[in-house]
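Residue indices begin at 1 and follow the sequence shown. In listed order, ligands and their atoms are each counted from 1.
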Amino acid sequence: MTIAITGATGQLGRLAVAALKSRVPAKDIVALVRDPAKATDLGVKTVAFDYNKPDTLVPALAGVDVIVLISSNDVGARLAQHLAVIAAAKTAGVKRIVYTSIPRADTTPMLLAADHKASEEAIRASGLPYTFLRNGWYTENHTGSLGGAIAAGALIGSAGSGRFSSAPRADYAEAIAVVASEPDHENRVYELGGDQSHSYAELASEVSRLTGKAVGYNDLPGETYAGILQGFGLPAEFATVLADADAQTANGALEVRTGDLARLIGRPTTPWHVVVAETLKDLAEAA
Ligand SMILES: NC(=O)c1ccc[n+]([C@@H]2O[C@H](COP(=O)([O-])OP(=O)(O)OC[C@H]3O[C@@H](n4cnc5c(N)ncnc54)[C@H](OP(=O)(O)O)[C@@H]3O)[C@@H](O)[C@H]2O)c1
């Protein structure tokens, strides 16, 4: 059985390829990559696959049984990209599509979810067997900015006391490897998140405890937060989408209590505070 994975040179994709390699022979894995030059270290066959070149997608999928479509990072253009991949998978005779989505994609009001909802609908409409991995927040979304927060003495956000059931990318990558390589996940929808959740204030408090430095949580109105994100260089539309994600988190949109992720990977998820501790250790070593 051949498993192909898109976005294989991305952060989640690289981890998913590694996780797949520990479950199936490397010869059964195909990395579908926009730039093959970035994929030479993956240790599996690579095939050029650019979502924006629809004519090239069908031949690239020849002989593929399961395609893992890691949602594109090109927010704004990605729905058309996903639709091109879904159509190509159908034409190429792929037997199942695994799609990385967002919690409660079909009902959540989160702006970020619109492309995921439409992509899931297109996959169902294609008639292809599917597995939806509705990934919760990556812990790295928060730990990536801890250096700046420590320097500023505050984390910023707009989620109030909302909780993030976050897990590191590596946990979600393992779930990809499990559902792509096992036969029992056809037409299943998994709501994935960490076993533990945290608020921004709890995250700030843990950072303070571990560093001995005062780091608080500064909760901002959505428009103010979006403006600051723009100041950091984010495009206005994406800043608005991220501020909206926080606003919806305040209403519970990123709390996931299903236990699906731990069940799929066969172990407890990696707690957020472990990722925080590792990040702070790396920051200290780099200083
Ligand atoms: N759950 C969360 O908290 C969360 C957070 C952020 C993002 N996400 C979603 O999860 C996805 C994976 O996360 P990540 O951290 O691995 O993102 P990432 O590192 O930005 O990877 C995105 C991948 O998409 C590929 N891609 C973009 N445009 C493409 C195109 N035209 N043709 C083919 N491939 C294309 C990129 O290719 P290159 O390697 O060539 O650049 C990259 O491999 C993201 O794309 C986004 O949809 C989820």
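Defined by atom type and a distance below 3.5 Å, a donor-acceptor pair is missing between the side-chain atoms of Arg78 and Ser72. Judged purely by distance below 3.5 Å, without hydrogens or angles, the side chains of Arg124 and Tyr130 pair a donor atom with an acceptor atom. Counting only N and O atoms by type, the side chains of Tyr51 and His82 include no donor and acceptor under 3.5 Å apart. Neither side chain, Ser165 nor Glu255, offers a donor N or O lying under 3.5 Å from an acceptor on the other.
Annotation for ligand 1: atoms under 4.0 Å from non-hydrogen atoms of Ile70 are 11 (C), 12 (C). Residue-ligand proximity, Trp137 to ligand 1, at heavy-atom distances under 4.0 Å covers atoms 3 (O). Atoms of ligand 1 found under 4.0 Å from any heavy atom of Arg78 (numbered from 1 in listed order, with element): 47 (O). Ligand 1 places these atoms under 4.0 Å from at least one heavy atom of Gln81: 31 (N). The ligand atoms of ligand 1 that sit less than 4.0 angstrom from a heavy atom of Ser71 are 9 (C), 10 (O), 11 (C), 44 (C), 45 (O), 46 (C), 47 (O).
Distance alone, capped at 3.5 Å, is enough to place a donor-acceptor pair between the Asp219 side chain and the Gly160 backbone. At least one donor-acceptor pair closer than 3.5 Å links the side chain of Asp195 to the backbone N or O of Thr269.
The closest approach between Asp74 and ligand 1 stays at or above 4.0 Å for every heavy atom of the residue. The shortest separation from a heavy atom of Arg169 to ligand 1 is under 4.0 Å, placing the residue in contact.
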key: Trace of the side chain to side chain contact (heavy atoms under 4.5 Å, CB included) decision for Ile29 with Val24   = CA-CA 8 Å; Ile29 304 168; Val24 301; 3.7 Å; yes
ask   = So Met110 and Ile102, side chain to side chain contact (heavy atoms under 4.5 Å, CB included) or not? Walk me through it.
value = CA-CA 9 Å; Met110 204 179 263; Ile102 198 166; 3.9 Å; yes
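Rounded to the nearest 0.5 Å, atoms CG (Asn135) and CG (Leu12) are 6.5 Å apart.
Protein heavy atom nearest atom 39 (O) of ligand 1, with residue, atom name and distance: Thr9 OG1, 2.6 Å. Among all protein heavy atoms, the one lying closest to atom 33 (C) of ligand 1 is Phe49 O, 3.3 Å. The nearest heavy-atom contact from the protein to atom 3 (O) of ligand 1 is Asn141 ND2, 2.7 Å. Scanning all protein heavy atoms for the shortest distance to atom 25 (C) of ligand 1 gives Gly7 CA, 4.1 Å. Protein heavy atom nearest atom 31 (N) of ligand 1, with residue, atom name and distance: Asp50 OD1, 3.0 Å. Atom 21 (O) of ligand 1 has its closest protein heavy atom at Gly10 CA, 3.6 Å. Looking at atom 20 (O) of ligand 1, its nearest protein heavy atom turns out to be Asn73 ND2, 2.9 Å. In this structure, the protein non-hydrogen atom closest to atom 28 (N) of ligand 1 is Arg34 NH1, 3.3 Å.
Between Ser72 and ligand 1, at least one N/O pair is under 3.5 Å apart. Looking at Gln11 next to ligand 1, an N or O pair under 3.5 Å apart turns up. Remark: ligand 1 and Asp35 share no N or O pair separated by less than 3.5 Å (distance only, no angle test). Below 3.5 Å of separation, one finds an N or O of Gly136 facing an N or O of ligand 1.
Proximity annotation for atom 6 (C) of ligand 1: of Tyr138, Tyr51, Phe164, Tyr172, Tyr138 comes nearest, heavy atoms only.
Ring-plane geometry between His198 and Trp272 is classed as tilted, the angle between the planes lying from 30 to 60 degrees on a 0 to 90 degree scale.
Counting heavy atoms closer than 4.0 Å to ligand 1, residue Thr6 contributes nothing at all. Counting heavy atoms under 4.0 Å from ligand 1, residue Leu12 touches it through both backbone and side chain.
Side chains of Tyr200 and His142 form a contact here, defined as non-hydrogen atoms less than 4.5 Å apart.
In this structure, the ring of Phe132 has its center no less than 6.0 angstrom from the ring center of His116.
In this structure, Glu237 places its CD atom where only 12 or fewer heavy-atom neighbours from other residues, nucleotides or ligands lie under 6.0 Å away.
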